[in-house]
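What follows is a single structure, written as structure tokens, with notes after it.
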Amino acid sequence: MKHGIEPPRPSRQTNQKLREETVSRMLDSSIRQVGQKGATGLLLADVAHDAGYSHTLPNYYFKSKSSLLKQTYAKAVDAFKASLAASFQAQPGSRRRPGLEVLLTSVHAYLASVSADAVSARAMHVLFADTLLASTELLDEVRVTNHEALQFFESQIRLGMAAGEVDSQADAKMLALIVLASLRGIVSRYLADPGSIDLEQSSLVLQRLLRRGLQPDADAAVGNGPVPG
């Protein structure tokens with residue numbers, strides 16, 4: 001018989017926790033790498049090195065670059081949503097009335113979230129752009145994200161119409177698209193050259209434009225009818 005006490009074997013729960021921690025660290029590494037190099041420049045070996053693991057480990061856990069990209073995108077989106085929710089909740093309660101006020105608060109929260117979690121925001125927006133150019137692996141995932149955002153903005157615009165805060169003749173779908181495109185455009189410019197954009201001022205200007213442009217007594221319905229010129 002062997003003398004002494006044998007060390008306890010890792011339990012299934014311990015192994016699962018270690019696996020989750022390893023995957024989480026590699027996804028965090030992947031988010032950083034994507035923000036720097038984009039999807040096409042992402043290398044599994046670089047992800048492993050940055051996370052402090054063997055270069056073979058990403059292959060073991062993710063099996064392919066496509067799978068890694070999808071999980072990276074999902075984690076970046078979840079992190080951005082969490083930051084957005086925190087920024088939204090930090091606003092005064094009087095500005096949370098469903099409709100126009102929630103729309104405006106969401107505009108502020110979206111841009112504030114970029115400052116709060118620039119790493120996740122950069123990865124998410126880089127992957128948006130990569131999907132347009134080369135990365136077909138994420139096309140379905142990005143479509144879902146875009147659809148959710150557009151639905152949310154459109155719902156708040158329609159609630160504003162019902163409450164008499166927004167011109168009832170406005171094109172809610174088109175306005176939702178313009179709001180999302182404006183936010184994405186501001187963020188893209190900021191990520192490309194942070195010193196050239198004041199996100200807080202950009203938020204205030206965009207909110208002011210929306211408040212004035214959507215009001216029922218505007219001279220013309222926004223987003224409805226032919227464009228002059």
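Closest non-hydrogen pair, K65 versus L42, comes out as NZ-O, 3.0 Å. When all heavy atoms are compared, the tightest approach of V126 to G35 is CG2-O, 4.3 Å. The heavy-atom pair separating S66 from E137 by the smallest distance is OG-CG, 3.4 Å. What you find for N146 and R184 is that their closest heavy atoms are OD1-NH2, 2.8 Å. Scanning all heavy atoms of the two residues, the minimum distance from V47 to S29 falls at O-OG, 2.9 Å. Taking both residues in full, the closest heavy atoms of D117 and A79 are given as OD2-CB, 3.7 Å, listed atom of the first, atom of the second, then distance.
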Side chain to side chain contact (heavy atoms under 4.5 Å, CB included), that's the test. Do L138 and R143 meet it? Break it down for me. CA-CA 9 Å; L138 295 175; R143 282 173 174 164; over 6 Å; no
Could you check V34 against L69 for side chain to side chain contact (heavy atoms under 4.5 Å, CB included), going step by step and ending with a plain yes or no? CA-CA 9 Å; V34 164; L69 274 174; 4.3 Å; yes
If you apply the rule side chain to side chain contact (heavy atoms under 4.5 Å, CB included), what do you find for L214 with L175, and how did you get there? CA-CA 9 Å; L214 295 178; L175 284 169; 3.5 Å; yes
Check against side chain to side chain contact (heavy atoms under 4.5 Å, CB included), L68 and L27: CA-CA 8 Å; L68 174 61; L27 287 176; 3.9 Å; yes
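Other residues, nucleotides and ligands contribute at most 12 non-hydrogen atoms within 6.0 Å of the NZ atom of K173.
For residues 69-90, the salt bridge (charged side-chain N to carboxylate O under 4.0 Å, His left out) pairs, not counting sequence neighbours, are D28-K75, K81-E148.
Listed by chain and number, the residues in a side chain to side chain donor-acceptor pair (under 3.5 Å) with R19 amount to none (sequence neighbours excluded). R158 pairs by the salt bridge (Lys or Arg N to Asp or Glu O under 4.0 Å) definition with E154, not counting sequence neighbours. Checked against salt bridge (Lys or Arg N to Asp or Glu O under 4.0 Å), D46 has the following partners two or more places apart in sequence or in another chain: K37. With sequence neighbours left out, Y73 forms a side chain to side chain donor-acceptor pair (under 3.5 Å) with T145. Residues meeting the salt bridge (Lys or Arg N to Asp or Glu O under 4.0 Å) test with R32, sequence neighbours left out: D50. Residues passing the side chain to side chain contact (heavy atoms under 4.5 Å, CB included) test with P194, sequence neighbours excluded: Y190. Residues forming a side chain to side chain contact (heavy atoms under 4.5 Å, CB included) with L206 (at least two apart in sequence, or on another chain): V107, S182, L183, I186, L210. F128 meets the ring pair (Phe, Tyr, Trp, His ring centres under 6.0 Å) test with H125; sequence neighbours excluded. Under the side chain to side chain donor-acceptor pair (under 3.5 Å) criterion, S188 pairs with no residue, sequence neighbours left out. Remark: R189 engages no residue in a salt bridge (Lys or Arg N to Asp or Glu O under 4.0 Å) (not counting sequence neighbours). Every residue was checked against the side chain to side chain donor-acceptor pair (under 3.5 Å) condition with Q201, not counting sequence neighbours, and none meets it.
Under the 3.5 Å distance criterion, the side-chain polar atoms of S155 are matched with a main-chain donor or acceptor of F152. Between the side chain of S67 and the backbone N or O of K63, no donor-acceptor pair lies under 3.5 Å. Formation of a donor-acceptor pair under 3.5 Å by the S83 side chain with backbone atoms of A116 is not found in this model. In terms of modelled atom types and a separation under 3.5 Å, the side chain of S196 and the main chain of D193 share a donor-acceptor contact.
Aromatic pair F80/Y110: ring centres closer than 6.0 Å.
Checking T56 against S54 by side-chain atom types alone, a donor-acceptor pair falls below 3.5 Å.
Side chains of S106 and Q156 form no contact here, defined as non-hydrogen atoms less than 4.5 Å apart. At least one side-chain heavy atom of V23 sits under 4.5 Å from a side-chain heavy atom of F62. Between E101 and R211 the shortest side-chain heavy-atom distance falls below 4.5 Å.
Between E165 and R97 a salt bridge is recorded (basic side-chain N to carboxylate O distance below 4.0 Å).
Among the candidates S203, S113, S87, S202, the single residue satisfying the side-chain hydrogen bond (donor to acceptor under 3.5 Å, both in side chains) test with H108 is S203.
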